[in-house]
Amino acid sequence: MGINVESKSKFHNSHKIRLVIIVTILLVSSLLTVYIVRMKSNDTFIDDTIHVNSEEELVNSINNATESIVITFDCDVTLTETLCISANKNITLISNGKNACFKLIETQAVTTIVVNNKGVLILENIIVTHDYGYRGMGIDVLSGGKLVMTGGEISNNNGGNGGVRVQKGGFFELSDGKISDNGAVSAGGGVYNVGIFKMYGGEISNNSAIWGGGVWNNGAFTMSGGKISYNNAVSNGGVYNSGTFNKYGGEIFDNTGDDVSK
C-alpha cells in the first residue's frame, strides 16, 4: 500500500498547530499566575519589597540592606531619632496603595533624614515632616550623597535651613512632588543648595526664610520644569542665587520681593 503524502503533511501541520496552541496557553497561564500573585486588589500592590509599620522595622530594613531595596510603608511611621542612609545603601521609600501617601514623622528637634556619602535615597509617595512644635530640617544631603524625589512631599520642617539642604558635593534631583510650608531661620526655606540641584518638575511653594524663601543657591542649580511660587523671604522670595543658576523651563512667580535675585 502506498503512503498518502498529502495526508501525512496534513497530520504534521495539524500536530504543529496543536503544539503552538499548547505552548501559547501555557505561556498565558504562567503570565496570568504571576499577575494574580503580584496583585492583591486594584489599589494595593503585592511586591518583593520590604513592608514596614514602625521605626524599628524601618531602621532594621535599612541597616540590613546589602543592595538596592524598596521599603514600603503600610502606615505612618514615627521617628524618635534621625533616619540615616549610610554609604552604599540605595533605598527607595514608597507608600503601599495606589493613592496612599504615608508620613515619616520626626518627633524630636533633629533633622528627619540624613543621606550620607555614597548613600542614595529615592522618595516616591512619602511625606517627610516634623511633629507639631519640633524644629529641624527635612532632609540633609551630605557630600557624596544623592536624593531623588519623584513624588510625595517634604513639608512642615523648620530649622537653620528648611525642607532640603544639599551640601557641597551632594546631589538632589526633583522631578515631581511638593516641597512646601517649610521655614528657615536664615536661608533656603524650601531648598538650600551648595551642591548640585536639578529640578525637572514638582513644586516648591509657601516656604519662608530670610534669604531665598523657595531656593537659596550657592552651588549649581538647573531648572527645566516645575514651579517655584508663593514663597516668602526678606530678600528674594523665589530664588536667591549667588552660584550658577540655569533656567531652561518651569515657572517662578508670585514670590515676595524679587522672584530671582538680580
Side-chain angles (χ1 to χ4, degrees), residues 68 82-87 89-94 104 106 111-129 136-184 186-205 207 209 211-229 231 238-250 252 260:
S68 300
T82 296
L83 183 69
C84 294
I85 310 298
S86 56
K89 306 285 186 179
N90 190 320
I91 308 296
T92 298
L93 301 181
I94 66 172
L104 181 62
E106 179 57 68
T111 299
T112 304
I113 304 175
V114 171
V115 184
N116 288 290
N117 180 35
K118 297 183 180 179
V120 178
L121 174 63
I122 301 172
L123 287 179
E124 293 193 13
N125 48 342
I126 294 289
I127 299 173
V128 177
T129 187
M137 284 184 297
I139 302 178
D140 193 8
V141 185
L142 305 187
S143 179
K146 181 177 181 179
L147 170 65
V148 177
M149 185 174 177
T150 64
E153 296 181 26
I154 299 172
S155 60
N156 294 305
N157 303 284
N158 295 276
N161 309 118
V164 178
R165 179 169 68 183
V166 188
Q167 300 200 35
K168 187 175 181 179
F171 178 87
F172 175 33
E173 178 181 302
L174 173 63
S175 61
D176 200 2
K178 293 175 64 176
I179 300 174
S180 64
D181 300 295
N182 302 285
S186 56
V191 177
Y192 176 98
N193 178 58
V194 292
I196 298 174
F197 174 30
K198 295 186 177 183
M199 184 175 181
Y200 298 104
E203 178 182 324
I204 300 174
S205 62
N207 303 283
W211 300 282
V215 178
W216 187 91
N217 177 60
N218 191 27
F221 174 25
T222 302
M223 184 178 183
S224 303
K227 297 179 180 180
I228 301 175
S229 60
N231 299 284
V239 177
Y240 184 99
N241 178 55
S242 57
T244 301
F245 177 35
N246 294 311
K247 185 177 181 297
Y248 302 110
I252 304 175
V260 181

Taking only residues two or more places apart in sequence, or in another chain, which ones meet [X] in a side chain to side chain donor-acceptor pair (under 3.5 Å)?
{"X": "Asn182", "value": "Asn157, Asn207"}
{"X": "Asn218", "value": "Ser242"}
{"X": "Ser205", "value": "Glu203"}

Mark yes when over 12 heavy atoms from residues, nucleotides or ligands other than Lys247 sit less than 6.0 Å from its NZ; otherwise mark no.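 Above 12, so yes.
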Check [X] against [Y] and note the closest heavy-atom contact, atom names and distance.
{"X": "Asp176", "Y": "Leu174", "value": "O-CD1, 3.3 Å"}
{"X": "Gly190", "Y": "Ile179", "value": "O-CG2, 3.5 Å"}
{"X": "Ala187", "Y": "Tyr192", "value": "O-CD1, 3.7 Å"}

Could I get the full list of side chain to side chain contact (heavy atoms under 4.5 Å, CB included) partners for [X], not counting sequence neighbours?
{"X": "Ser86", "value": "Lys89"}
{"X": "Ala184", "value": "Ala209"}
{"X": "Asn117", "value": "none"}
{"X": "Asp181", "value": "Asn156, Asn206"}

Asn90 and Ile122: side chain to side chain contact (heavy atoms under 4.5 Å, CB included), yes or no, with the steps? CA-CA 8 Å; Asn90 190 320; Ile122 301 172; 4.1 Å; yes
Any side-chain heavy atom of [X] sitting closer than 4.5 Å to one from [Y]?
{"X": "Leu121", "Y": "Leu93", "answer": "yes"}
{"X": "Ile252", "Y": "Met223", "answer": "yes"}
{"X": "Val166", "Y": "Ile196", "answer": "no"}
{"X": "Asn217", "Y": "Val191", "answer": "no"}

Verify side chain to side chain contact (heavy atoms under 4.5 Å, CB included) between Thr129 and Thr112, making sure each step is shown before the conclusion. CA-CA 7 Å; Thr129 187; Thr112 304; over 6 Å; no
Kindly determine whether Met149 and Val164 satisfy side chain to side chain contact (heavy atoms under 4.5 Å, CB included), including the steps that lead there. CA-CA 11 Å; Met149 185 174 177; Val164 178; over 6 Å; no
For Ile204, is there any backbone N or O sitting under 3.5 Å from a side-chain donor or acceptor partner on Asn231? yes
Checking Thr222 side chain against Asn246 main chain: does a donor-acceptor pair fall under 3.5 Å? no
Which side-chain hydrogen bond (donor to acceptor under 3.5 Å, both in side chains) pairs, counting each pair once, include a residue from residues 161-171, with sequence neighbours left out? Asp140-Arg165, Asp140-Gln167, Asn161-Arg165
Residue pairs passing the side-chain hydrogen bond (donor to acceptor under 3.5 Å, both in side chains) test where at least one lies in residues 118-127, sequence neighbours excluded: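 Applying side-chain hydrogen bond (donor to acceptor under 3.5 Å, both in side chains) to every pair that reaches into residues 118-127, excluding sequence neighbours, yields nothing.
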Apply ring-ring contact (aromatic ring centres under 6.0 Å, His included) to Phe197 and list each qualifying residue two or more places apart in sequence or on a separate chain. Phe172, Phe221
Residue pairs fulfilling ring-ring contact (aromatic ring centres under 6.0 Å, His included) with at least one residue in residues 139-158, sequence neighbours excluded: none
Inter- and intrachain pairs under ring-ring contact (aromatic ring centres under 6.0 Å, His included), touching residues 141-163, at least two apart: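 Not a single pair qualifies under ring-ring contact (aromatic ring centres under 6.0 Å, His included).
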